[in-house]
Amino acid sequence: MPGYNHAAIEKKWQALWASHKVFTTNIHDHARPKYYVLDMFPYPSGQGLHVGHPEGYTATDIIARYKRANGFNVMHPMGWDAFGLPAEQYAIKNNVHPRETTAKNINRFREQLQAIGFSYDWSREVDTTDPRYYRWTQWIFLKLYDTWFDESQQKGRPIRELVEEFKTGQRPIPQIGNRQSAMGNWDSLSPTEQRQLLAHYRLAYEAEVPVNWCPGLGTVLANEEVIDGKSEVGGFPVERRPMKQWMLRITAYAQRLLAGLHKLDWSDSLKEMQRNWIGRSEGAEVTFKLSVVSGQWSELTVFTTRPDTLFGATYMVIAPEHSLANSPAPEQAAEVRKYQKYAASRSDRERQEDTSKTGAFTGLYAINPVNNKQIPIWVSDYVLMGYGTGAIMAVPAHDQRDHEFATKFNLPIIQVVAPRGNAGPGGASPEDHALEEEGIAINSPWIDGLPTPEAKKKITAILEEKNIGKKTINYKLRDWLFSRQRYWGEPFPIVHLADGTNVALSESELPVKLPELEDFKPTGTIDPPLSKAKDWVNVRVDVKDLGGDYVAHLDTSGGGGQPARRELNTMPQWAGSCWYYLRYLDPSDEDNFVAPTIEKYWMGNGVDLYVGGVEHAVLHLLYSRFWHKVLFDRGLVSSDEPFRKLVNQGLILGEDGQKMSKSRGNVINPDDVIAHYGADSLRMFEMFMGPLDQVKPWSTAGVEGVYRFLQRVWRNLFDENDAPKMRPETPPDILRGLHRLIKKAGEDIERLSFNTAIAAMMEFNNLVAKSEGIAAPEAITFLRVLEPFAPHFAEEAYHRIAGAAAKTSISQLPWPSYDAALLIDATVEIPVQVNGKLRSRVSVPNDADEATAVAAALADAEVQKFLAGKEPRKKIFVKGRMVNLVV
RNA sequence: GCCGGAGUGGCGGAAUGGCAGACGCGAUGGACUCAAAAUCCAUUGUCCUCACGGGCGUGUGGGUUCGACUCCCUCCUCCGGCACCA
């Protein structure tokens, strides 16, 4: 059957691209400019591809093809983020090894992606579950373990440099825990003590902290993985409980992560999400003395962003978990104890749903350092242990929460900020002043009359001078909980010694392979599944002192070394995705995670374009930036930020405008679309739907629309026997239209405006349809412009027209350039406005000057009618655009 | 509550201070056909008008400008994120 037949051509060209290695990247060709265009690699789920995947992937594929055509050396890889919970849960349910399901899913995903004709260089495919890959994930973990953050330099440095500073006395050795050894001398510390000390500095460390334990999943989760008190995966309730876990000190990089954002070409909303998550607040720490010493406590330090309201602090509140709450006044002890129990019993979810204030008086008092007033100390769960110091000064006149609490428990309220311009006695009325607004300080002897910003500065300076407070910056960002009680993840390259400390395995011991387990189910306790690998857990190691830090080598000779236990937790899914964009550059390199010369060329200014879902805003995208900065500090990568430009593709909704879901029955399967309309129609429609970053509904009629467009193009180029029907010469108006298209399509692709680029192609094709047709060279030029969008179609049509003269692939033709002279019409019709309203149009030469254009306008009958004989008092002329006459 | 984004025909959307609604979908009428599908042609913001033509029109109200979908302010609605973070 003649006509455009997608089924007949797509597989054919896909096979040719693969066999001729048309899209293979030469990583060593550094003479040309590079372009790195990256997709967020998929988690190969059992469901296969959904229509959201090809959206972003088509966008990047268009860019990759366009950039290649423009002479760039393009990196466009794909891989698999294949560790993770769903694979493991599926495996448990169906009693198959996750390795098997993962392999199966990967094969399915690869087939589906290849059926869409993406121009990936499949020779650089990575799989995070492959030991050849995760060997380097573990290697980077060792770098984190071997790095400490130097606050003064704001930089991660090797641990041995820290030890050096301790040894030389350049940095005093702090008191850690209840250590009794002599202070100030590194060599007098025992190896155990040395390791304990260093653990306080490493970017990867173990700590006993309250964590998000999810009984439903049998694992702990990072803060970023908990949404409204439930697990992001599966939606199971999450509870807080203290557990010893691996943490990554991402908080050390809070300021760098924040500061780096401004230079990134990311959407404002995404940057704002990261800013909010990092949550920087400037303020002051203020120390209040207790009126009576209680337990170990003689004073209480709070953090406030409003030190200017100190004179209005009428009470203090500590979190229920604050250790001062364990030493209340004896007569209040029972009540405080009871409240602590109550607070501990409330889940995060309950606390979020019910924010009414509860609390108990400790019976203790503090002295407000600015006015020496004695104020009561309360316990309440509206103060969080995890932020600031876990204690606040309450200023009920100017804080909504404190106000609610004070009202409920009858605590005094003193106004210390007056609305701006309304200061002074009698002038201030609290009712017309929103609680947390800025204004003018009142009732505050040190700062009366000052506007809030100045008041903050001044009182902070006074506090510092009097040694009762200091300027402080606080972040909401918490350290990253990095261990999971799962089987299907990267093992940690760490062993635990009998003294309770841990030691890194030597790099030469990598990869630490996941042990083969028949039974990899969760244990039902907090013990990770790897605890079932009895033969694997217990090892003997030789611990080497490298002049400060230690590494362990497995002793397999038997009998030697000291006994040790392997770390049994595994890394979270994010570990593998933190750095995959680096491994793509040379995935077969067995000596480096990436060789420096390769890294420098491809990543010197970061990934040029990264497209993916917004769901990773504070997860992958934050974690990755953190790792990259550490690698940068350690001299292992050459840029400070990994992803220079990032775009989030918008969600594709079902045809009914609702989110696609099985239960709604509105899910569109890309396989069906390809079977029916072909991969090119799928690609084109997903790009034609609307702006890439916008949420938009699917439309089957819309797919048919682009399918019809391709049919029309075919009929413009081929006769009823599919033979080319080329004219000997392309008419001038078609030629002009073609050059307009080249210009517009190029500009639109550059700004990722694919829908308008397609519209321009449709317009051009309509023009051809209305005319006598087009000659072969111009037809090929048009197909070249179409190729990034509909590569199979363009390839087939190109080969039919070019015949024996054709290159292997149309993608090897350079991007056409346009002739600017052709874009200009000799005469242009410009609008004429009278008093800003469009009244007529006149034809003038395209280069007409003001006098000519205005004269033409004035001569126009329609214009004269509206001028009504009056002489315009103002004439506005925009060359080649318009004339406006004002009377 | 706070932060970010967006409001344009029946629908998806276009227009980077200069002719609002490109392109596509849908709809209506017509051609082809025994008929249908496919295809092709025409019309398609709205109101007034037989028509020529004109009025109105980009969520609301104001402002800047010769000129505003576009810039500024007010309010409304929707979407997304965060949320007792002191």
Side-chain angles (χ1 to χ4, degrees), chain A residues 3 227-228 267-277 279-281 283 302-306 309 317 319 351-352 354-357 380-384 386-395 398-402 404-405 436 474-478 614-615 617-618 648 650-651 657 684-685 688-691 693-706 708-709 711-712 715 744 747 751 753 755-766 769-770 829-841 862 872-878 880-887:
Chain A
I227 315 274
D228 290 337
S267 71
D268 288 337
S269 66
L270 194 74
K271 287 202 250 187
E272 203 55 27
M273 273 190 228
Q274 290 216 344
R275 279 192 199 106
N276 289 340
W277 191 261
R280 179 190 157 107
S281 305
V302 300
F303 173 73
T304 176
T305 54
R306 292 295 299 271
T309 62
V317 186
R351 292 185 44 228
Q352 275 167 25
D354 175 17
T355 58
S356 64
K357 300 293 172 285
S380 174
D381 67 357
Y382 84 89
V383 173
L384 310 174
Y387 184 77
T389 61
I392 62 156
M393 64 176 207
V395 185
H398 305 290
D399 182 283
Q400 185 67 44
R401 298 150 300 183
D402 296 345
E404 284 169 26
F405 192 86
E436 279 150 54
N474 246 309
Y475 297 92
K476 281 196 237 173
L477 187 68
R478 300 274 71 98
V614 72
E615 65 273 18
V618 293
N648 292 123
L651 193 68
M684 288 211 98
F685 174 64
F688 189 58
M689 293 169 85
D693 56 5
Q694 204 161 298
V695 178
K696 42 209 179 272
W698 186 265
S699 159
T700 300
V703 186
E704 267 163 27
V706 294
R708 278 203 290 263
F709 162 67
Q711 301 278 19
R712 276 198 293 268
R715 285 197 301 272
K744 177 150 179 64
E747 287 169 355
R751 62 189 178 102
S753 181
N755 55 333
T756 55
I758 292 171
M761 289 183 236
M762 289 173 168
E763 263 180 282
F764 175 75
N765 190 54
N766 291 343
K770 282 196 177 74
E829 194 172 70
I830 61 167
V832 180
Q833 298 178 348
V834 178
N835 289 334
K837 273 186 193 285
L838 176 73
R839 293 305 181 185
S840 186
R841 296 179 178 86
E862 212 37 53
R873 58 186 167 82
K874 198 163 181 182
K875 299 158 191 162
I876 287 110
F877 170 71
V878 182
R881 300 300 301 224
M882 51 80 67
V883 170
N884 186 11
L885 304 171
V886 186
V887 286

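Letters go in sequence order (proteins before strands), and every chain restarts at 1.
- Nucleic acid contact for V878(A): base, since at least one base atom lies under 4.0 Å from a heavy atom of the residue.
- Residues V706(A) and M684(A) approach most closely at CB-CB, 4.1 Å, considering heavy atoms.
- Looking at K875(A), its side chain has no donor and acceptor atom pair within 3.5 Å of the base of C66(B).
- A close approach under 4.0 Å does occur between a side-chain nitrogen or oxygen of K874(A) and OP1 or OP2 of C66(B).
- Taking each heavy atom of R478(A) and Y387(A) in turn, the nearest pair found is NH1-CA, 4.0 Å.
- Two residues are said to be in side-chain contact when any heavy atoms from C-beta on lie closer than 4.5 Å; E404(A) and Y382(A) fail this criterion.
- In this structure, N884(A) and N835(A) approach most closely via the heavy-atom pair OD1-N, 3.7 Å.
- Distances from the side chain of L838(A) to the nucleotides C84(B), A20(B), C66(B) place A20(B) closest.
- For R881(A) against P831(A), the heavy-atom pair with the smallest separation is O-CD, 3.0 Å.
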Identify all pairs in which a protein N or O lies below 3.5 Å from an N or O of nucleotides 40-43 of chain B, and state each distance.
{"from": "C40(B)", "atom 1": "OP1", "to": "R715(A)", "atom 2": "NH2", "distance (Å)": "3.3"}

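- Of all heavy-atom pairs between V302(A) and I392(A), the closest is CG1-C, 3.4 Å.
- The R841(A) side chain lies nearest to C19(B) when the options are C19(B), C84(B), G24(B).
- K357(A) places a side-chain N or O within 3.5 Å of a backbone atom of T355(A) that can act as its donor or acceptor partner.
- Not one side-chain nitrogen or oxygen of Q694(A) sits closer than 4.0 Å to the OP1 or OP2 atom of A6(B).
- Each of G4(B), G81(B), C23(B) was ranked by its minimum atom distance to the side chain of M273(A); first place goes to G81(B).
- Applying the 90° cutoff around 0 to the glycosidic angle, G9(B) is assigned syn.
- Among the nucleotides A15(B), G18(B), C82(B), the one closest to the side chain of R751(A) is A15(B).
- Residue contacts for G705(A): at a heavy-atom cut-off of 4.0 Å it reaches the sugar-phosphate backbone alone, with no base atom in range.
- Proximity note for E862(A) (side chain, C-beta onward) versus G54(B), C84(B), C23(B): the nearest is G54(B).
- Scanning atom types as modelled, no donor and acceptor separated by under 3.5 angstrom connect the side chain of N276(A) and the base of C82(B).
- Among the nucleotides G18(B), C3(B), G13(B), the one closest to the side chain of Q833(A) is G18(B).
- A close approach under 4.0 Å does not occur between any side-chain nitrogen or oxygen of T756(A) and OP1 or OP2 of A22(B).
- Comparing atom distances between the M882(A) side chain and each of G18(B), A86(B), A22(B) picks out G18(B) as nearest.
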Hey, mind stepping through L384(A) and R351(A) against side-chain contact (heavy atoms from CB on, under 4.5 Å) and telling me if it holds?
-> CA-CA 11 Å; L384(A) 310 174; R351(A) 292 185 44 228; 2.8 Å; yes
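- Counting only heavy atoms from C-beta on, I876(A) has its side chain closest to G18(B) among G18(B), G4(B), A22(B).
- In this structure, R839(A) reaches the sugar-phosphate backbone alone: every heavy-atom distance under 4.0 Å involves primed, P, OP1 or OP2 atoms, never a base.
- The F688(A) side chain lies nearest to G12(B) when the options are G12(B), A15(B), A86(B).
- At a threshold of 4.0 angstrom between heavy atoms, the contacts of D402(A) with the nucleic acid are absent.
- Taking atom CD of residue Q274(A) and atom C1' of nucleotide G81(B), one finds them 12 Å apart after rounding to whole Å.
- With hydrogens and angles ignored, the 3.5 Å screen pairs no side-chain donor or acceptor of R712(A) with any backbone N or O of N765(A).
- The phosphate of A86(B) has neither OP1 nor OP2 within less than 4.0 Å of any side-chain N or O from N474(A).
- Nucleotides G9(B) and A20(B) are separated by 11 Å at their C1' atoms, to the nearest Å.
- Closest to the N884(A) side chain, of the nucleotides G67(B), G55(B), C84(B), is G67(B).
- For C23(B), neither phosphate oxygen OP1 nor OP2 lies less than 4.0 angstrom from any side-chain nitrogen or oxygen of N765(A).
- At a threshold of 4.0 angstrom between heavy atoms, the contacts of K357(A) include nucleobase atoms, whether or not backbone atoms are also involved.
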